[in-house]
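Everything below concerns the one structure shown next.
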Amino acid sequence: MPLKILEMRNTFTFKSLIIIMLVVIVSCDKENHKDDTDTGNRDPRLKKLTATLRLTNNPSEEINEVFFRYNNKNELVSIASPFLGDSVYFTYLTDGKVISAFYQESDEFQYTSQYTWDKNTVTITSTSDPEARIVITLDDNENMVKMESYEYDGTNWQLTNYNTYTWINENLTRTEIFVDAYSKAFTPEAGTEFEGTNHSGSLFYKYEDVVYTYDQKENPFRKFYFYKFSENAYMGSANNAISVTTKRINIIGELINTFTQSFIYTYQETDLPETKLEERSNLSYFQEFEYE
């Protein structure tokens, strides 16, 4: 699974759900390094996620379970989906920063992603795609403020696209996605006639502008900085997103379309989510959270 999988958004199959969950970088809660053998000595943490997908044109439903495991420092060390046969294992530095993730997929494909830390910069490389890398810039709170994607052309590392992120009160409030106008991946929808290979740096334009709103409840994924180094970074916010509105724009700045995802939660007495529901015209997606 190449690093490009980080660019996946708004997909609704169980395989893609778990791919998104497994590919993101995961770190521990820096404020909670207590012994996990004593449940009274730490906050509740996510143990299992049960997801149910119902498609409008298919009366049957698919159910998947994802399990989370920790070490005695309360660091997340594995995520596993028996239904799909996929799993990932994490290793950390002594200060809790993740340095590697080993992936095992159901088709027996295996690979390792490495995370190289240099002050406020993290570089992600993968054995699955040696000619790609992602460079992340962090703020003082280790929130991602920029993500740059590079490809090696045989001589130099070329920037292919980048995202910027705005955080307020530990919640991601805006993501802006910029792409190369000459990239084949984006040219058709942009309505241009550019052809040929990627001419990185020739012209970048804003392809998507995404804004988020939140509840006032605790996000169970925040404890692991679960999604903070992915394009789904809003999932690592302090609170739970209740809407995600995306504006897609063409190369001359014209609005192509706008769409909004909305989420409905129920909560436990501890203010942690108990269930999460998203409904669209063609599907219903329901999640149940179990803690320990």
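Distance CD/Glu231 to CD1/Ile177: 5.0 Å, rounded to 0.5 Å. The structure places CG of Asn120 at 12.0 Å from NZ of Lys146, a figure rounded to the nearest 0.5 Å. The distance from the NZ atom of Lys247 to the CG atom of Asp209 is 7.0 Å, given to the nearest 0.5 Å. Going from atom CD of Glu105 over to atom OG of Ser87 covers 9.5 Å, rounded to the nearest 0.5 Å. Between atom CD of residue Glu292 and atom CZ of residue Arg42 there is a gap of 5.5 Å, rounded to the nearest 0.5 Å. The distance from the CD atom of Gln110 to the OG1 atom of Thr112 is 8.0 Å, given to the nearest 0.5 Å.
At least one side-chain heavy atom of Tyr111 sits under 4.5 Å from a side-chain heavy atom of Ser113. Side-chain atoms of Glu142 and Lys97, non-hydrogen and from C-beta on, do get closer than 4.5 Å to each other. Contact of the Trp167 side chain with the Thr173 side chain is not registered, since no non-hydrogen atoms from C-beta on lie closer than 4.5 Å. Contact annotation: the side chain of Glu65 approaches that of Lys48 to within less than 4.5 Å [non-hydrogen atoms, C-beta and beyond]. Using a 4.5 Å cut-off on side-chain heavy atoms (C-beta onward), Asp118 and Thr123 make no contact. For the pair Glu61/Phe286, no side-chain contact is recorded, criterion being any heavy-atom separation below 4.5 Å from C-beta on. Between Thr52 and Glu62 there is no side-chain heavy-atom pair separated by less than 4.5 Å. In this structure, Phe67 and Ile79 have side chains that are not in contact, with every pair of non-hydrogen atoms separated by 4.5 Å or more.
For the pair Arg248 and Leu255, the tightest heavy-atom approach, listed with the atom from each and the gap, is O-CD1, 3.5 Å. In this structure, Asn240 and Asn219 approach most closely via the heavy-atom pair OD1-CA, 3.3 Å. Contact record, Ser78 with Phe90: N-CD1, 4.3 Å, taken as the closest heavy-atom pair. The two residues Thr50 and Ile63 have their closest heavy-atom pair at CG2-CG2, 3.8 Å. A pairwise comparison of heavy atoms in Ser284 and Leu277 identifies OG-CD1, 3.7 Å as the closest pair. Taking both residues in full, the closest heavy atoms of Arg222 and Gly236 are given as CG-O, 4.1 Å, listed atom of the first, atom of the second, then distance.
Relative ring orientation between Phe263 and Tyr265 is described as tilted, the plane-to-plane angle lying within the 30° to 60° band. Note: Phe229 and Trp117 have tilted aromatic rings, judged against thresholds of 30 and 60 degrees for the angle between ring planes. Relative orientation of the Trp157 and Tyr152 rings is tilted, given thresholds of 30° and 60° on the angle between their planes. Ring pair Tyr291/Phe289 is parallel by interplanar angle, where below 30° counts as parallel and above 60° as perpendicular.
Hydrophobic clustering of Ile, Leu, Val, Met, Phe, Trp and Tyr side chains at less than 4.5 Å, counting indirect connections, unites Tyr234 with Ile242. Residues Tyr162 and Val135 share a single hydrophobic cluster, defined by chaining ILVMFWY side chains whose heavy atoms lie under 4.5 Å apart. A single hydrophobic cluster is seen to contain both Val88 and Phe109, as judged by linkage of ILVMFWY side chains at heavy-atom distances under 4.5 Å, directly or through other members.
The backbone N or O of Leu172 sits less than 3.5 Å from a side-chain atom of Tyr214, completing a donor-acceptor pair. Distance alone, capped at 3.5 Å, is enough to place a donor-acceptor pair between the Asp153 side chain and the Thr155 backbone. Here the side chain of Thr245 pairs no donor or acceptor atom with the backbone of Val211 at under 3.5 angstrom.
Asp86 and Gln104 share no side-chain donor-acceptor pair at under 3.5 Å. Residues Thr260 and Ser243 bring no donor and acceptor atom of their side chains to less than 3.5 Å of each other. Side-chain contact, Thr275 with Thr266: a donor N or O sits under 3.5 Å from an acceptor N or O. For the residue pair Asn161/Tyr207, the side-chain donor-acceptor check at 3.5 Å is not satisfied. For the residue pair Asn163/Tyr165, the side-chain donor-acceptor check at 3.5 Å is satisfied.
Between Glu278 and Lys276 there is no salt bridge, since no side-chain N of the basic residue sits under 4.0 Å from a carboxylate O of the acidic one. Ion pairing of Glu208 with Lys206 is absent here, as no side-chain N (NZ or NE/NH1/NH2) approaches a carboxylate O to less than 4.0 Å.
Each of Asp271, Thr213, Asn171, Asn169 was checked for a side-chain hydrogen bond (donor to acceptor under 3.5 Å, both in side chains) with Asn239, and the lone residue meeting it is Asn171.
Aromatic pair Tyr70/Phe68: centroids not less than 6.0 angstrom apart. Checked against a 6.0 Å centroid threshold, the rings of Phe178 and Phe204 do not count as neighbours.
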Audit row: Asn141, Glu170, side chain to side chain contact (heavy atoms under 4.5 Å, CB included) steps and yes/no: CA-CA 8 Å; Asn141 295 318; Glu170 294 301 302; 3.3 Å; yes

Under the side chain to side chain contact (heavy atoms under 4.5 Å, CB included) criterion, do Val145 and Thr137 qualify, and how do the steps go? CA-CA 6 Å; Val145 294; Thr137 302; 3.9 Å; yes

If you apply the rule side chain to side chain contact (heavy atoms under 4.5 Å, CB included), what do you find for Leu138 with Val122, and how did you get there? CA-CA 8 Å; Leu138 308 175; Val122 181; 3.9 Å; yes

Ile136 vs Ile134, test: side chain to side chain contact (heavy atoms under 4.5 Å, CB included). Steps then yes/no. CA-CA 6 Å; Ile136 291 172; Ile134 290 174; 3.9 Å; yes

